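Working notes, beginning with the structure itself.
Since the model is a prediction, treat every value here as computed from it, not as a measurement. Atom set for the values below is all heavy atoms of this structure, side chains included, hydrogens, waters and symmetry mates excluded.
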Amino acid sequence: MNFTPNAKNSEFMITNAGLAQAERVLVSHENKQINGGSESNRYSNTKGLPLKNRPRRKKRSWSNEDALIGFFAGMSFILIFVVILLLHNQVQQSANVEVSHKDQHFEVPRLNNGYIGQISSDTIRPPRTNEEEEIDPNVVDTSPRYKHLQSKYDAIFPRRGKNKIAERRLLVKSLHKNEYHPIDFDNEANCPLHPSTDYPKAWKTMDIIANWNPDDTNPHPAIYQGICKFDFETDFEKIYNYRKAEVPFVIQNDPDVMWTVERWSHPQFMKDMLGSSNYRAEYSENNHFMYWMVGGGRKKKNKKYVRPEGWSQPTKNIRMTFDDWLDKANSTSSKTGIHDPHWYFRLIGCGGWKNCDKKSGEEFLFNELPFFYPRKSVYMVDPAEQKGIHCRFGMRGVIAENHYDGSRNVIALLNGERRYILNHPNQCQKLALYPLGHPSGRHSSIDWSDPDYDKHPEFTESLGNEIVLQAGDVLYLPTYWFHYIISLETNFQCNTRSGISSDYSQDLSDCGFAQVVRAQKK
């Protein structure tokens, strides 16, 4: 171009000759573009031109190839986002395992310094602090007397606190005076994530009682254990799977249960709670106790229990103070034999159970046993069907004869030791049960301490297993499972029920109790 300087302002002015030269340059570059020249070169020499004289860029049109590339780029972005989201959820689930089954949602919440955090009401574990719990005042004890005692012992045994779980584990372990070893059972090899088809392991009942006679309360280290023991904090998925399968097992080291064990092991605790009032108790002239009922009864209005000829009630229902019972229980270690009188002390917390006598109910049990509060949990399958909390304090040597219960049963041992001999419902026809309508119907008529095999040859073929519960252990016992109980020393045991499963209904029907099964289905 031909630029001439302006003397006045020292600026450069574009002359007409310069414009003509610019047009020639533009045409030359356009020809180069047509012949494959660079578009960047096409515009690089026009920067000094006015906008109206600069060439316009052509709009680029999208080809089918461009559209396809764009589509795949978008899909790739979406796929990467989904993968990242799935990985995030997997990390979350590793710390917070969620299991859904039917209409229930079970959750193993993340631990925070050993304690479970805030959880919704439909999860398998309730909150751990009193402030977080939604408590129905009609279920628990709200009396000024209990609140005073609760404050006193909460100060001594706070439910939460630094290192409390570790301390309580040590305490519970110290209460276990004896060690028991399975004869042919491994708690790891025989307790996979899901129960096997032949679980639980079983042996002949006659071999179990021959190895350790029920009248003998001295510890026998080798036992025919056939059910699994699971740690509450580390084996929670197994606990859920075995409960879902409706098979028996034992839970250990639940912090809430250990908290109750700690309080109830204090020598003054139960004395303060129960005072000098009289409570339910059963009396037997020997160490054997068998449930019985004659007449209609409040709970069984349509049933009649007729006294068979020559039958006499095996026990008496009485009332006594806790101190009186404890004095008698403490004497069994040296003075009381199997043929001497024995006493079985009882407490009942009614909660929402309509057929319970609220006037004499010990509602503080729902405060003291928060793990049995009527909400969905590992212990409460169907809270609406709970039948209160029942506690039985046994003195050494007390035997509860073999029988089944008509609903799920969860049994917590809070002090001492108890031995349970269990039989699958399919063994029903081999246990010589009293028939339906007998005052002790659903109980075995055999004296397991001295069985008459000539009279009951079928009993020699029955199968079972045994387990010794110690302080802090909780036994899950499905509907219709038979159990025979021996108190090995003074002990505190509480249990609750939560609905009926039909898994073993046919077994019960096959041995003459079809009427019971039909009535429970209504």
Value rounded to 0.5 Å, distance of OH in Y279 from CE in M320:
13.0 Å

Give a yes or no on whether a salt bridge exists between D154 and R159, defined as a side-chain N under 4.0 angstrom from a carboxylate O.
no

Exercise: identify the closest heavy-atom pair between P248 and L477:
CB-CD1, 4.3 Å

Derivation and outcome, side chain to side chain contact (heavy atoms under 4.5 Å, CB included), residues H403 and F482
CA-CA 5 Å; H403 65 283; F482 291 89; 5.6 Å; no

Does the side chain of Q493 reach to within under 4.5 Å of the side chain of L414, using non-hydrogen atoms?
no

Between H339 (side chain) and G337 (backbone), is there a donor-acceptor pair under 3.5 Å?
no

Do W325 side-chain atoms and W343 backbone N/O form a donor-acceptor pair below 3.5 Å?
yes

How about F393 and F345: are their ring centroids closer than 6.0 Å?
yes

Does atom CZ of R307 have more than 12 heavy-atom neighbours, drawn from other residues, nucleotides or ligands, at distances under 6.0 Å?
no

Worked verdict on N415 versus N491 for side chain to side chain donor-acceptor pair (under 3.5 Å)
CA-CA 5 Å; N415 193 285; N491 61 83; over 6 Å; no

Distance col, row E461:CD vs K430:NZ, nearest 0.5 angstrom, shows 6.5 Å

Side chains of Y242 and L193: does their closest heavy-atom pair fall under 4.5 Å?
no

Tell me whether N213 contacts the main-chain N or O of S449 through its side chain, where contact means a donor paired with an acceptor under 3.5 Å.
yes

When you measure from the side chain of T496 to the backbone of F372, do you find a donor-acceptor pair of N or O atoms at a distance under 3.5 Å?
no

Over 12 non-hydrogen atoms of neighbours within 6.0 angstrom of CD in E167
yes

Under a 4.0 Å N-O cut-off, is there an ion pair linking D447 with K455?
no

For F366 and C350, the nearest pair of non-hydrogen atoms, with its separation, is CE1-C, 3.8 Å

May I ask you to decide if E363's main-chain N or O and D141's side chain share a donor-acceptor pair within less than 3.5 Å?
no

Within the 3.5 Å criterion, strictly below it, is a donor on D272 or Y153 matched to an acceptor on the partner's side chain?
yes

Candidate pair Y240 and F236, rule ring-ring contact (aromatic ring centres under 6.0 Å, His included), full reasoning
CA-CA 6 Å; Y240 168 75; F236 210 87; 8.5 Å; no

Under the 3.5 angstrom rule, does the side chain of N211 hit a backbone N or O of D207 as a donor-acceptor pair?
no

In terms of relative ring orientation, are Y291 and H443 parallel, tilted or perpendicular, with 30° and 60° separating the classes?
parallel

Please collect all salt bridge (Lys or Arg N to Asp or Glu O under 4.0 Å) contacts where either partner lies in residues 176-185, sequence neighbours excluded, each pair once.
K177-E489, D184-K201

Does Y484 form a ring-ring contact (aromatic ring centres under 6.0 Å, His included) with W448? I'd like the steps, not just the answer.
CA-CA 9 Å; Y484 181 92; W448 287 30; 4.7 Å; yes

Indicate whether the side chain of N286 and that of H288 have a donor and an acceptor atom separated by less than 3.5 Å.
no

Check ion pair E385-R408 (N to O, under 4.0 angstrom):
no

Decide ring-ring contact (aromatic ring centres under 6.0 Å, His included) for H424 and Y504; before the verdict, give the C-alpha distance in whole Å, the side-chain angles of both, and the deciding distance to 0.1 Å.
CA-CA 9 Å; H424 192 288; Y504 306 103; 5.1 Å; yes

Would you indicate whether the side-chain heavy atoms of F230 and Q252 approach each other to under 4.5 Å?
no

Which heavy atom of Y180 sits nearest a heavy atom of H220, and at what distance?
CD2-O, 3.3 Å

What distance separates R396 CZ from T217 OG1, expressed to the nearest 0.5 Å?
3.5 Å

Looking at every heavy atom in both N190 and Y199, which two are closest together, and how far apart are they?
O-CD1, 4.2 Å

Check whether any side-chain heavy atom of I251 lies under 4.5 Å from a side-chain heavy atom of V378, and answer yes or no.
yes

With a 3.5 Å distance limit and no angle check, can you tell me whether D507 reaches the backbone of Y480 through a side-chain donor-acceptor pair?
no

According to the interplanar angle, ranging from 0 to 90°, do the rings of F249 and Y476 count as parallel (below 30°), tilted (30 to 60°) or perpendicular (above 60°)?
parallel

Carefully, step by step, assess R280 and E362 under the rule side chain to side chain contact (heavy atoms under 4.5 Å, CB included).
CA-CA 11 Å; R280 299 173 183 86; E362 290 74 56; 3.7 Å; yes

d(I338 CD1, I399 CD1) to nearest 0.5 Å is 8.0 Å

Is it true that a side-chain atom of S284 and a backbone atom of N287 form a donor plus acceptor pair closer than 3.5 Å?
no

Are any side-chain N or O atoms of H456 and backbone N or O atoms of E458, one a donor and one an acceptor, separated by less than 3.5 Å?
no

H176 and V172 have their tightest heavy-atom pair at CD2-O, 3.2 Å

Less than 4.5 Å apart, side chain to side chain, heavy atoms only: is that true for I208 and I421?
yes

Classify the angle between the aromatic ring planes of Y453 and F459 as parallel (below 30°), tilted (30 to 60°) or perpendicular (above 60°).
parallel

Non-hydrogen side-chain atoms of V410 and L475 separated by less than 4.5 Å:
no

Please determine if E401 and R442 form a salt bridge, counting it only when a charged side-chain N lies under 4.0 Å from a carboxylate O.
no

Looking at residues at least two apart in the chain, or sitting in another chain, which of them share a side chain to side chain contact (heavy atoms under 4.5 Å, CB included) with N187?
F185, C191, Q225, C228, K229

Between the CG atom in D216 and the CD1 atom in I209, the distance rounded to the nearest 0.5 Å is 13.0 Å

Scan residues 412-428 for pairs that pass salt bridge (Lys or Arg N to Asp or Glu O under 4.0 Å), counting only residues two or more places apart or in two chains.
R419-E466

Does the side chain of S445 reach to within under 4.5 Å of the side chain of L433, using non-hydrogen atoms?
no

Is a side-chain N or O of S502 found less than 3.5 angstrom from the main chain of S505, in a donor-acceptor match?
no

Residue pair N423 / L431, side-chain heavy-atom distance below 4.5 Å
yes

Under 6.0 Å between ring centres: does that hold for Y404 and W481?
no

Please find the pair of heavy atoms, one from N253 and one from D231, that lie closest to each other, and give the distance.
ND2-OD2, 2.8 Å

The test is side chain to side chain contact (heavy atoms under 4.5 Å, CB included); show your working for Y420 and L469 and say whether it passes.
CA-CA 8 Å; Y420 283 74; L469 296 187; 3.6 Å; yes

Pairwise distance CG(N241) to NE2(H194) - rounded to 0.5 angstrom:
4.0 Å

Derivation and outcome, side chain to side chain contact (heavy atoms under 4.5 Å, CB included), residues K316 and Q313
CA-CA 7 Å; K316 294 180 180 179; Q313 62 187 51; 3.7 Å; yes

